[in-house]
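Here is the structure we will look at, set down as structure tokens.
Order of listing sets the numbers, starting from 1, for every ligand and every atom in it. Since the model is a prediction, treat every value here as computed from it, not as a measurement.
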Amino acid sequence: MPADSIRTDAAPVEVRLADYAPPAYLVDTVDLTFELGETATMVVSKLSVRRNPAAPDDAPLHLDGEALTLVDVTCNGAPVTPVETRDGLTITDVPATAVLEITTSLTPIANTEFSGLYVSGGNYYTQCEAQGFRRITYFPDRPDVMSRYTTTIIADKAACPVMLSNGNPGPVKDLGDGRHGITWTDPHPKPCYLFALVAGDLVSVKDSFTTRSGRHVDLAIYVRRGDEDRCAHAMQALKTSMAWDEQVFGLEYDLDVFNIAAVSDFNMGAMENKGLNVFNTKYVLARPETATDVDYQGIETVIAHEYFHNWTGNRVTCRDWFQLSLKEGLTVYRDQEFSADQSSRAVKRIGDVRGLRAAQFREDAGPLAHPVQPSAYMAIDNFYTATVYNKGAEVIRMMATIIGRQAFRRGMDLYFARHDNQAVTIDDFVQAMQDASGVDLTAFKRWYHQAGTPDVSVEDSYDAAAKRYTLTISQETKPTPGQPEKLPLVIPVAMGLLDGNGQELATRLEGEAAAKPGTRVLLATQATNRFEFVDVASPPVPSLLRDFSAPVKLSGLSPERLRFLAAHDTDPFVRWDSGQQVAASVLLDMVATFQQGRQPGVDPALFEAVGSLLDQEPAFAAEALALPGESTLADKMTVVDVDAIHTARDRARTAIGQALYDRLRATYDRLSDTGPYRIDGASIGRRSLRNGCLSYLVASGDAAAVRLAKAQFDAGQNMTDVLAALGILSGVDCPERLDALAAFYQAWRHDPLVLDKWFAIQALSPLPDTVQAVQALKAHADFDLRNPNRIRALISSFAGNQVRFHDPSGAGYRLYADTIIQLDPTNGQVAARMVSPLGQWRRYDAARQALMKQELQRILDLPNLSRNTFEMASKSLA
Ligand code: B3K
Ligand code: ZN
């Protein structure tokens with residue numbers, strides 16, 4: 001199997017959920033021995049296999065393999081001649097129980113895909129999810145094969161003082177030939193995607209945790225020498241996560257060690273391998289001078305996410321990859337709840353919904369729309385999507401809302417009691433929730449199978465004489481690729497009614513014995529549902545979708561009512577969201593005026609709204625102060641007008657900056673005395689609001705504000721404030737901008753994570769020459785097409801720069817597609833995940849559509865395209 005990965009010279013095949021069949025053989029134990037070498041690593045794998053009673057008794061044993069050199073295979077000690085297939089080996093006549101021994105040879109240094117065993121910075125790392133284990137040895141690489149692993153690592157003592165794998169370690173033995181070895185034993189059965197090996201010259205930061213039942217756990221974070229002083233936050237986050245999972249879900253850690261290794265070449269964020277999480281350095285390393293508040297929060301969340309997988313994913317895993325959201329949706333829900341408990345729940349929810357709308361709603365509206373449980377794929381790595389992760393988390397959240405938190409906890413307990421050490425399905429999870437709550441979730445499950453974001457519209461009327469209030473909720477989901485017909489979903493609408501003074505009214509639905517105070521949940525289950533409220537003393541304003549109780553698009557409330565809710569609602573999410581909707585409609589009116597060839601003014605009500613936020617709680621105010629982003633506005637237009645959106649938003653920001661200059665400056669000054677850097681919610685909120693004010697001050701066009709931003713940059717208090725100032729300056733054509741960019745580069749050129757920020761900030765600049773700047777940065781000595789973080793920093797950030805990516809010349813698209821084309825031969829997974837911005841072509845004008853499609857076609861025309869990129873580009877063009 002000489003190819004580096006599966007390429008499309010062999011016709012790509014679709015894998016379908018409907019074709020699921022149990023494996024012919026199970027593997028009870030796996031005994032691996034690695035003799036590590038960068039150019040030649042020998043892997044000996046001893047498998048005790050047994051025929052699966054759940055499979056037909058004449059099926060042959062299939063072992064997956066990719067980019068491997070097979071050295072030898074024996075069965076019960078006798079040589080066998082396997083049949084080599086396109087994707088592995090088939091061995092016939094394997095007895096009902098047998099020991100297979102398979103020897104393969106690898107070249108980790110040549111592995112540029114970062115899937116399987118690879119080398120980064122002279123050290124060895126593995127990544128096996130979803131299908132990397134087959135790039136290490138021949139094996140039934142599917143999650144329903146769960147085995148107990150023993151892993152022996154033999155390596156050069158000097159090159160690899162550290163040798164890690166899953167489970168608990170044995171003693172290190174000196175082999176007397178300059179090499180040493182260690183054996184790790186993992187007592188928990190696991191699928192091979194959770195296998196991990198890390199070895200090299202690494203240093204560690206250590207700590208410990210005692211579980212509530214008294215197990216002592218040694219904790220360690222392994223990093224490259226020099227990075228030891230950036231691990232404290234990650235370690236704290238780990239300990240907090242371990243305690244939280246015990247308190248909230250009763251889940252304890254189950255090994256004597258928990259290790260984390262950080263690597264700078266990594267395809268995604270992190271990986272939950274049993275007892276040995278491997279992390280992108282971006283989600284481990286932080287010091288106040290190098291990492292922003294957003295980085296700190298990202299670390300806390302991702303550390304928690306991977307730790308929580310120990311139960312939701314590892315102890316109970318997926319039967320097949322169509323069940324991916326079983327572990328990912330649930331674990332995202334768990335990490336969201338964890339993070340909400342660490343700071344402001346409302347601000348966390350606002351951030352999560354922002355992310356959901358930007359990534360998942362857009363995915364749902366485009367050519368790559370798919371259900372939370374997809375039914376077919378070509379390359380499973382393309383399905384680690386916002387839909388599977390974030391909409392999957394929303395589906396879990398809705399279940400918790402519908403059955404109630406206590407029943408949800410009972411459902412979790414039942415799920416673990418039933419399925420510990422099993423590979424199960426989404427249906428199994430929902431069944432546990434149903435059995436624990438007594439609530440029939442059959443109709444609710446449609447959320448897993450139906451793609452698309454429902455449009456929910458409301459109408460209401462008030463009968464003053466009868467004191468009756470009628471609320472009508474209608475829903476419709478537009479067709480998505482392959483799903484022309486949509487059915488109604490079970491939508492939980494958390495709501496309340498406010499009187500004219502913004503006081504919460506107790507509510508009583510017709511037929512209910514007593515009125516209920518505060519927020520209640522209505523279930524909309526049909527195309528149209530009517531809810532009749534009785535004893536409503538005065539005409540109410542409905543507050544709907546509190547805390548964003550369902551992933552839907554809501555419409556139907558008048559601008560006046562939205563303004564009222566933005567000012568008065570008791571639910572902070574609705575307050576924020578209503579304010580954003582009001583701002584969006586003001587901006588879209590400006591866009592329409594531009595399109596008619598006229599110059600719009602800026603609605604002074606916007607100044608009032610922004611001004612009234614300045615005295616509010618800073619973290620919330622910072623969220624509410626920011627105008628909806630250009631992409632958010634684009635999502636609300638049938639044909640996106642990137643230039644009009646950019647100009648309208650810019651002009652509104654300038655007008656706000658000018659109208660509120662003194663108050664913004666006073667707020668900025670009031671928040672300036674922050675003391676030493678602290679990473680709690682209140683401190684983050686203050687920095688965030690202060691930088692929001694700075695951004696408006698500079699937008700006003702005042703030269704003194706530019707000097708203020710430069711002074712904040714020069715003061716260099718912490719990376720949050722430095723980067724905020726740099727970001728603001730990078731959008732202004734002024735000498736300070738060039739000085740700051742040059743100084744930043746000089747200060748941080750040897751620090752990869754900080755240098756990523758330097759690349760990203762330039763790619764995000766709204767200045768007209770950004771396409772040329774990005775082109776030049778691609779040729780910069782520090783740009784590295786091998787490193788996914790660097791590619792994401794420069795090229796993916798650029799795709800998020802709406803006005804410059806969509807440059808009418810097509811130069812932005814070309815540069816973007818060129819990068820995908822250059823990257824695909826060495827890292828198809830990362831290349832494929834970059835395709836989607838081009839797939840948004842339907843939303844633009846005819847000229848841009850043609851240019852975007854042309855680039856997609858150029859990608860598709862390549863010979864030897866990876867299966868991953870083929871899937872993304874062909875679906876995007878369809
Ligand atoms: N489970 C991994 C993602 C693996 C991605 C494979 N292409 C990280 C996570 O979700 O925790
Ligand atoms: Zn995950």
Residues at least two apart in sequence or cross-chain that pass side chain to side chain donor-acceptor pair (under 3.5 Å) with T385, listed by chain then number, are H370

In chain-and-number order, ligand 1 lies under 4.0 Å from a heavy atom of each of E129, A130, M268, A270, M271, E272, H305, E306, H309, K327, E328, D381, Y384, Y389, Q829

Item checked: Backbone N/O of T185 and side chain of N166: donor-acceptor pair under 3.5 Å -> no

- [ ] Return the orientation label for the F258 and Y253 ring planes: parallel under 30°, perpendicular over 60°, tilted otherwise.
- [x] perpendicular

Taken to the nearest 0.5 Å, the spacing of D227 CG from R224 CZ works out to 8.0 Å

Given the options V30, I136, D186, N273, F195 meets side chain to side chain contact (heavy atoms under 4.5 Å, CB included) only with I136

Looking at E328, the N/O/S atom that lies nearest to the Zn ion (ligand 2) is called OE1

(message) For N382 and E871, which I'm curious about, is there any donor-acceptor pair between the side chains at under 3.5 Å?
(response) yes

Taking the Zn ion (ligand 2) as the apex, H305 NE2 and H309 NE2 span an angle, rounded to 10°, of 100°

Heavy atoms of S264 and T281 approach each other most closely as CA-OG1, 3.6 Å

